[in-house]
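Worksheet for the structure shown next.
What's counted below: heavy atoms across the whole structure, side chains too, no hydrogens, waters or symmetry copies. Chain letters run A, B, ... following the sequence lines, proteins first, then strands; residues in each count from 1. If you're wondering where the values come from, they're calculated on a predicted model, not measured in any experiment.
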Protein chains: 2
Amino acid sequence: MYFWENYFFVTRSEENYIKTIFHLGDNSSDLVSTNAIAEQMDTKPSSVTDMAKKLAEKGFVNYKKYQGVSLTDFGINTALSIIRKHRLWEVFLVEKLDFSWDEVHEVAEQLEHIKSEKLIDSIDALLDFPKYDPHGDPIPSKDGKFMERHKQLLSDMALKTEGVCVGVKDTSAAFLKFLDKNRIALGNTIKVLEKEDFDQSLHIQMEGKELHISHQIASNLYIKKND
Amino acid sequence: MYFWENYFFVTRSEENYIKTIFHLGDNSSDLVSTNAIAEQMDTKPSSVTDMAKKLAEKGFVNYKKYQGVSLTDFGINTALSIIRKHRLWEVFLVEKLDFSWDEVHEVAEQLEHIKSEKLIDSIDALLDFPKYDPHGDPIPSKDGKFMERHKQLLSDMALKTEGVCVGVKDTSAAFLKFLDKNRIALGNTIKVLEKEDFDQSLHIQMEGKELHISHQIASNLYIKKND
DNA sequence: ACAAATTTTTAGATTTGTCTAAATTTTAAT
DNA sequence: ATTAAAATTTAGACAAATCTAAAAATTTGT
């Protein structure tokens with residue numbers, strides 16, 4: 001990847017756009033709108049248009065006027081490399097520096113832009129090649145492959161079924177802190193005991209104890225069903 | 001230092017100027033010239049003038065037209081905080097990720113700009129609060145204090161005196177690789193056996209073996225004399 | 001299908017950090 | 001003490017990334 005770090009310079013701003021387009025595109029191949037990008041990045045649509053042209057010129061996106069943008073293969077690879085760095089740094093912060101999962105995002109947003117292939121590969125090795133980040137999101141490998149776990153929202157699980165909590169949908173500090181306070185953590189075994197029709201809240205069994213949780217919470221927790 | 005990371009925003013460019021002014025100022029309180037800064041940073045004197053005004057406005061330097069700049073106390077603290085980060089990251093790269101001492105500078109130049117007090121303090125703790133970086137330079141503590149070792153250049157040592165190699169003056173990759181190739185490393189015990197008047201080269205004893213080194217090399221190695 | 005609402009783009013301006021070329025100040029030399 | 005040389009600053013320009021306001025295209029509602 002000599003190419004990357006030297007010949008083809010990508011600015012921090014470009015990287016942030018590419019990452020955002022990747023997340024909004026959500027592996028479907030349809031176009032992402034200027035407005036959606038602007039809203040997500042807290043910027044103006046006109047700024048997005050300018051950047052869309054630049055990214056198209058550099059080969060990261062296909063841009064159709066008035067339609068939106070989609071990442072090229074090159075753009076997807078670039079996005080995956082940034083996401084890989086972001087998530088590996090998050091694991092590093094939690095595993096090696098005892099950050100809590102609600103503190104890692106901000107710092108990883110900075111660290112993901114550090115340009116050194118050797119650095120991130122060494123971090124990967126130091127962490128023993130983790131497959132998931134502290135929020136349960138998959139970490140792309142060096143060659144851009146990653147395994148999306150077969151998982152479902154707790155709110156979508158059938159009565160009496162059991163599984164392991166493997167991820168969060170909402171990664172806001174507020175939600176993560178709430179989970180900590182209620183001893184809900186990744187790896188916990190959860191069984192749906194009862195569903196309340198009225199407000200769609202759930203009675204669950206988690207690690208032995210019984211718990212009542214709102215729909216809002218249940219619809220932001222990912223569960224991997226037991227085989 | 002809440003102040004720092006939020007209220008008072010320092011750009012990466014400003015940080016690089018502050019760092020350069022600190023190094024050129026070399027703890028003497030006299031002014032650093034525009035030209036010197038420009039040369040060191042591979043930029044133009046006119047650019048330095050512009051930045052000098054901005055840094056003065058923000059309180060980092062005292063700027064006297066046609067005379068030069070010197071850091072204020074605030075500027076010195078800022079410089080020490082950047083240098084602290086740079087050197088701690090260098091130790092991290094060597095100690096935890098097995099980088100060699102000639103590979104760390106480039107990456108540390110990027111990492112030193114990451115803004116998170118918790119991050120750098122955690123790295124500091126992880127490394128067990130090192131006092132010196134891989135090149136033997138002192139690491140400022142959180143409150144900006146650091147101990148400059150009592151040391152001298154190998155080329156300035158008297159005949160028959162002995163000491164420990166504690167640092168390098170030239171930190172270029174070329175020099176560091178040369179030292180590696182010749183098994184010269186920090187911590188080695190060195191004794192001056194003979195000095196050649198003609199070219200000022202030295203015969204030394206290092207860790208048992210005898211070695212002939214040029215003045216160029218000897219004048220870039222720091223030795224701490226044995227008590 | 002057509003007018004209204006929404007989305008997107010264009011045009012022109014701003015900020016940051018840089019440059020070149022010209023003007024000014026300081027330093028050095030005789 | 002003048003003048004020549006060197007260093008420094010000013011003025012004006014440029015690229016990147018952003019903004020606002022206005023224009024153009026698309027979508028929506030009836």
Side-chain angles (χ1 to χ4, degrees), chain A residues 6-21 24-25 30-71 75 78-79 82 109-110 112-113 115, chain B residues 6-22 24-25 28 30-71 75 78-79 82 109-110 112-113 115:
Chain A
N6 299 75
Y7 175 65
F8 216 97
F9 183 68
V10 192
T11 68
R12 178 175 293 230
S13 186
E14 284 164 359
E15 286 191 343
N16 285 331
Y17 274 94
I18 290 166
K19 195 177 45 150
T20 301
I21 293 165
L24 290 173
D30 42 46
L31 301 175
V32 179
S33 81
T34 307
N35 251 20
I37 298 168
E39 185 164 341
Q40 182 72 23
M41 298 186 70
D42 200 28
T43 182
K44 302 293 168 190
S46 55
S47 307
V48 178
T49 301
D50 286 346
M51 185 55 88
K53 288 176 187 167
K54 205 204 316 182
L55 292 177
E57 196 144 303
K58 289 197 174 187
F60 293 110
V61 303
N62 301 115
Y63 169 51
K64 290 222 181 71
K65 256 196 188 185
Y66 291 103
Q67 305 296 126
V69 294
S70 64
L71 291 173
T78 306
I82 302 162
E109 287 282 295
Q110 297 181 63
E112 72 187 5
H113 298 292
K115 287 176 172 54
Chain B
N6 299 77
Y7 174 67
F8 215 95
F9 182 70
V10 192
T11 68
R12 177 174 295 229
S13 186
E14 285 164 358
E15 287 191 341
N16 285 330
Y17 274 94
I18 291 166
K19 196 177 45 152
T20 301
I21 294 164
F22 181 88
L24 290 174
S28 81
D30 42 46
L31 300 177
V32 178
S33 81
T34 307
N35 251 18
I37 297 167
E39 184 164 343
Q40 181 74 24
M41 297 185 73
D42 200 29
T43 183
K44 302 294 167 191
S46 55
S47 306
V48 177
T49 302
D50 287 346
M51 184 54 88
K53 288 176 187 168
K54 205 204 316 183
L55 291 177
E57 195 143 301
K58 289 196 173 188
F60 294 110
V61 303
N62 301 116
Y63 169 51
K64 290 221 182 72
K65 256 198 192 186
Y66 292 100
Q67 306 295 127
V69 294
S70 64
L71 291 173
T78 306
I82 301 163
E109 286 283 294
Q110 297 181 62
E112 72 188 5
H113 299 292
K115 287 176 171 56

Evaluate side-chain contact (heavy atoms from CB on, under 4.5 Å) for B:Y17 paired with B:I37, printing each intermediate quantity in order.
-> CA-CA 8 Å; B:Y17 274 94; B:I37 297 167; 4.0 Å; yes
Return the value, rounded to whole Å, for the distance between atom [atom1] of [X] and atom [atom2] of [N].
X     : N      : atom1 : atom2 : answer
A:D50 : C:dT10 : CG    : P     : 9 Å
A:R12 : D:dT18 : CZ    : P     : 12 Å
B:I37 : D:dA7  : CD1   : P     : 14 Å
B:K44 : D:dC14 : NZ    : C1'   : 16 Å
A:E14 : D:dA15 : CD    : C1'   : 13 Å
B:L55 : C:dT18 : CG    : P     : 11 Å
B:M41 : C:dT18 : CE    : C1'   : 12 Å
A:M51 : C:dT8  : CE    : C1'   : 17 Å

Counting just side-chain N and O atoms, does [X] come under 4.0 Å of either OP1 or OP2 of [N]?
X     : N      : value
A:Y63 : C:dT9  : yes
A:S47 : D:dC19 : yes
A:Y17 : D:dT18 : yes
B:N35 : D:dT8  : yes
B:K53 : D:dT10 : yes
B:S13 : C:dT18 : yes

Looking at the side chain of [X], which of [options] is the nearest nucleotide?
X     : options                : value
A:Y66 : C:dT24, D:dA24, C:dT18 : D:dA24
A:K65 : C:dT10, D:dT26, C:dC19 : C:dT10
A:T49 : D:dT9, C:dT9, C:dT18   : C:dT9

Would you say A:K58 has more than 12 foreign heavy atoms packed within less than 6.0 Å of its NZ?
-> yes
Between NE2 of B:H113 and CD of B:E14, what distance do you get to the nearest 0.5 Å?
-> 11.5 Å
Interatomic distance, NZ@B:K65 vs OG1@B:T49, rounded to 0.5 Å, equals 10.0 Å
Taking the side chain as every heavy atom from C-beta outward, state whether B:E15 and B:K115 have any atom pair closer than 4.5 Å.
-> yes
Starting at the 5' end of DNA chain D, which residue's closest nucleotide do you reach first, A:Q67 or A:D42?
-> A:D42
Record whether the side chain of B:S46 comes under 3.5 Å of the base of C:dT20 through a donor-acceptor pair of N or O atoms.
-> yes
